[in-house]
**Q** 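Sharing a structure below in structure tokens format, with a few things to ask.
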Amino acid sequence: MRHWLRMYQKFIKVYMKQQLEYRFSFFGDLFVNMLTFVTLYLGFWIIFNKFDLLNGWTYYDVMFLYNINLVSYAISSFFLWNPMKQLENLVRNGDFDNYLTRPLSPLRLLIMRQVGHTFIAHIAVSIVIFAICFVKLDINWTFTNIVFFISIILGATCIHAAIIIAAASSAFWVVRSGTIVDISIYAIRDYINYPISIYARWLQILLTFIIPYGFVNYYPSTVLLNKEVHSSLNIIQYGTPVVGIVLLFGACLLFYSGIRQYESTGS
């Protein structure tokens with residue numbers, strides 16, 4: 001494991017050096033991504049100019065909520081988005097065979113294909129927004145809350161990583177998995193841009209127990225922001241780290257289960 005991490009660190013350095021050879025393109029990509037999210041936060045501001053509260057959540061509450069989603073998604077996608085997005089083509093063309101004949105595990109080798117450098121912009125914007133939220137929100141930053149906040153980011157990152165891996169792994173069964181990936185990672189994830197308490201009960205259940213995006217930001221945020229959770233299971237507010245680890249482990253099992261189903265379609 002330690003040897004692989006050293007290899008991966010060297011790979012990232014080489015990859016970033018390659019990208020920086022085209023500095024205008026590199027920084028242009030980052031700027032465009034930053035501008036996209038600045039525009040989104042302005043959209044929140046416009047909404048809250050008309051409505052002071054959204055089911056008890058203020059503008060900065062929602063910014064904090066969304067920011068946890070953004071930074072955890074960005075960290076996981078920096079490592080996983082590009083390689084997992086390519087898995088569909090690798091399986092369909094039979095090129096995944098190359099990953100089965102190497103001395104490194106297929107998942108690790110796939111992750112080492114490339115990283116998503118554009119997600120650096122997401123992380124940069126998130127740091128700025130967190131700084132603003134920390135000033136504007138009355139969060140009691142005790143040692144316990146600091147540790148809890150760090151565990152939220154790590155757990156939420158694991159949840160995003162698990163969903164990315166699981167959605168991409170569907171390629172082993174359905175071959176064309178692009179739609180599943182897009183729905184899982186874009187369409188459904190958008191629901192947690194806002195407190196899930198504003199949605200119908202069935203959607204809250206979906207985002208809690210079936211595709212548990214609610215653990216990414218909503219449930220842990222209710223602890224730090226002192227919001228009431230309308231549930232008899234208040235313990236779920238603290239479940240993000242555990243859910244993240246369990247889901248990531250399950251997603252890796254699903255990936256390797258898919259490999260056992262894989263049949264080369266290449267020539």
Side-chain angles (χ1 to χ4, degrees), residues 36-77 122 125-141 145-146 148-160 162-163 183-244 247:
T36 299
F37 288 101
V38 169
T39 303
L40 190 145
Y41 284 113
L42 286 175
F44 286 150
W45 178 77
I46 292 171
I47 291 173
F48 279 90
N49 262 350
K50 294 185 177 181
F51 307 98
D52 291 335
L53 293 175
L54 184 64
N55 200 28
W57 292 66
T58 68
Y59 171 59
Y60 290 105
D61 289 338
V62 173
M63 282 182 65
F64 182 77
L65 182 79
Y66 178 79
N67 217 47
I68 294 176
N69 179 26
L70 178 61
V71 72
S72 55
Y73 167 70
I75 295 171
S76 62
S77 294
H122 299 54
V125 171
S126 297
I127 292 172
V128 174
I129 299 300
F130 270 136
I132 295 171
C133 290
F134 292 163
V135 172
K136 296 292 185 178
L137 294 172
D138 185 23
I139 299 176
N140 184 18
W141 288 112
N145 279 346
I146 292 172
F148 180 62
F149 177 74
I150 294 172
S151 72
I152 291 171
I153 301 301
L154 294 176
T157 299
C158 288
I159 292 172
H160 279 301
I163 293 174
I183 291 175
S184 302
I185 298 171
Y186 288 124
I188 298 178
R189 186 172 66 88
D190 282 350
Y191 284 107
I192 60 170
N193 289 350
Y194 302 94
I196 66 172
S197 57
I198 68 174
Y199 301 125
R201 188 67 176 170
W202 69 268
L203 189 51
Q204 294 182 40
I205 293 173
L206 173 71
L207 295 172
T208 301
F209 299 108
I210 301 175
I211 305 178
Y213 271 125
F215 288 96
V216 168
N217 58 355
Y218 174 71
Y219 290 114
S221 291
T222 60
V223 176
L224 294 175
L225 300 176
N226 293 315
K227 303 293 184 182
E228 183 180 356
V229 175
H230 300 288
S231 171
S232 58
L233 301 173
N234 289 335
I235 195 172
I236 65 177
Q237 294 174 280
Y238 303 92
T240 298
V242 175
V243 172
L247 285 181

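Residue numbers run from 1 in the order of the sequence given. Keep in mind that this is a model prediction, so the values were computed, not measured.
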**Q** Starting at CG of N67, measure out to CD1 of I129 and round the result to the nearest 0.5 Å.
**A**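 Between atom CG of N67 and atom CD1 of I129 there are 6.0 Å.
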**Q** If the condition is side-chain hydrogen bond (donor to acceptor under 3.5 Å, both in side chains), which residues does T36 pass it with, not counting sequence neighbours?
**A**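 Not a single residue meets the side-chain hydrogen bond (donor to acceptor under 3.5 Å, both in side chains) criterion with T36.
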**Q** Decide yes or no for T58 and K136: does some side-chain heavy atom of the first lie under 4.5 Å from some side-chain heavy atom of the second?
**A**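 No - every pair of side-chain heavy atoms lies 4.5 Å or more apart.
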**Q** When rounded to the nearest 0.5 angstrom, what distance separates CD1 in I132 from CD1 in I127?
**A** 12.5 Å
**Q** Minimum heavy-atom separation for H122 and A74, please, with both atom names.
**A**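 Minimum heavy-atom separation between H122 and A74: CB-CB, 3.4 Å.
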**Q** Rounded at 0.5 Å granularity, tell me how far CD1 in I152 sits from CG in N145.
**A**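 Going from the CD1 atom of I152 to the CG atom of N145 covers 8.5 Å.
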**Q** Find the distance between CD1 (I185) and CD1 (I163) and round it off to the nearest 0.5 Å.
**A** 8.0 Å
**Q** As an exercise, state the distance from SG of C133 to CD1 of I139, rounded to the nearest 0.5 Å.
**A**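 Reported to 0.5 Å precision, the distance equals 7.5 Å.
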**Q** Return the minimal non-hydrogen interatomic distance between S72 and I153, and the atom names on each side.
**A** CB-O, 4.1 Å
**Q** Would you check, one step at a time, whether the test ring pair (Phe, Tyr, Trp, His ring centres under 6.0 Å) holds for W57 with Y218?
**A** CA-CA 11 Å; W57 292 66; Y218 174 71; 5.8 Å; yes
**Q** Which pairs of donor and acceptor atoms, one on a side chain in residues 205-213, lie under 3.5 Å apart (sequence neighbours left out)?
**A**
| from | atom 1 | to | atom 2 | distance (Å) |
| --- | --- | --- | --- | --- |
| T208 | OG1 | Q204 | O | 2.7 |
| T208 | OG1 | Y219 | OH | 2.6 |
| Y213 | OH | S184 | O | 2.6 |

**Q** Just by modelled atom types, is the F215 backbone N or O under 3.5 Å from a matching donor or acceptor in the T240 side chain?
**A** yes
**Q** For the CG atom of L65 and the CG atom of L224, what is their distance to the nearest 0.5 Å?
**A**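 The CG atom of L224 is 11.0 Å from CG of L65, to the nearest 0.5 Å.
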**Q** Tell me whether the rings of Y66 and F37 are parallel (<30°), tilted (30 to 60°) or perpendicular (>60°).
**A** tilted
**Q** Report, as yes or no, whether the 6.0 Å neighbourhood of atom OH on Y191 holds more than 12 heavy atoms from other residues, nucleotides or ligands.
**A** no
**Q** I196 and L203: side-chain contact (heavy atoms from CB on, under 4.5 Å), yes or no, with the steps?
**A** CA-CA 8 Å; I196 66 172; L203 189 51; over 6 Å; no
**Q** Is it true that atom CG of D138 has more than 12 heavy atoms of other residues, nucleotides or ligands lying nearer than 6.0 Å?
**A** no
**Q** So does Y238 have more than 12 non-hydrogen atoms from other groups sitting under 6.0 Å from OH?
**A**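 No, the 6.0 Å shell around OH holds no more than 12 heavy atoms from other groups.
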**Q** Of all the heavy-atom pairs spanning V62 and N193, show the shortest one and how long it is.
**A**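 Here V62 and N193 meet closest at CG1-O, 3.7 Å.
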**Q** Give me the atom names and distance for the closest heavy-atom approach of R189 to H160.
**A** CD-CE1, 3.3 Å
**Q** Minimum heavy-atom separation for G214 and P220, please, with both atom names.
**A**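 Here G214 and P220 meet closest at O-CD, 4.2 Å.
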**Q** Side chains of Y73 and N217: any donor to acceptor distance under 3.5 Å?
**A** no
**Q** Residues two or more places apart in sequence or in another chain: which of them pass ring-ring contact (aromatic ring centres under 6.0 Å, His included) with F134?
**A** F130, W141, F149
**Q** Might you work through the ring pair (Phe, Tyr, Trp, His ring centres under 6.0 Å) test for Y41 and Y59, ending with a clear yes or no?
**A** CA-CA 10 Å; Y41 284 113; Y59 171 59; 8.3 Å; no
**Q** Aromatic contact between F44 and Y194, with the criterion being ring centroids under 6.0 Å apart: yes or no?
**A**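 Yes, they do, as the ring centres are separated by less than 6.0 Å.
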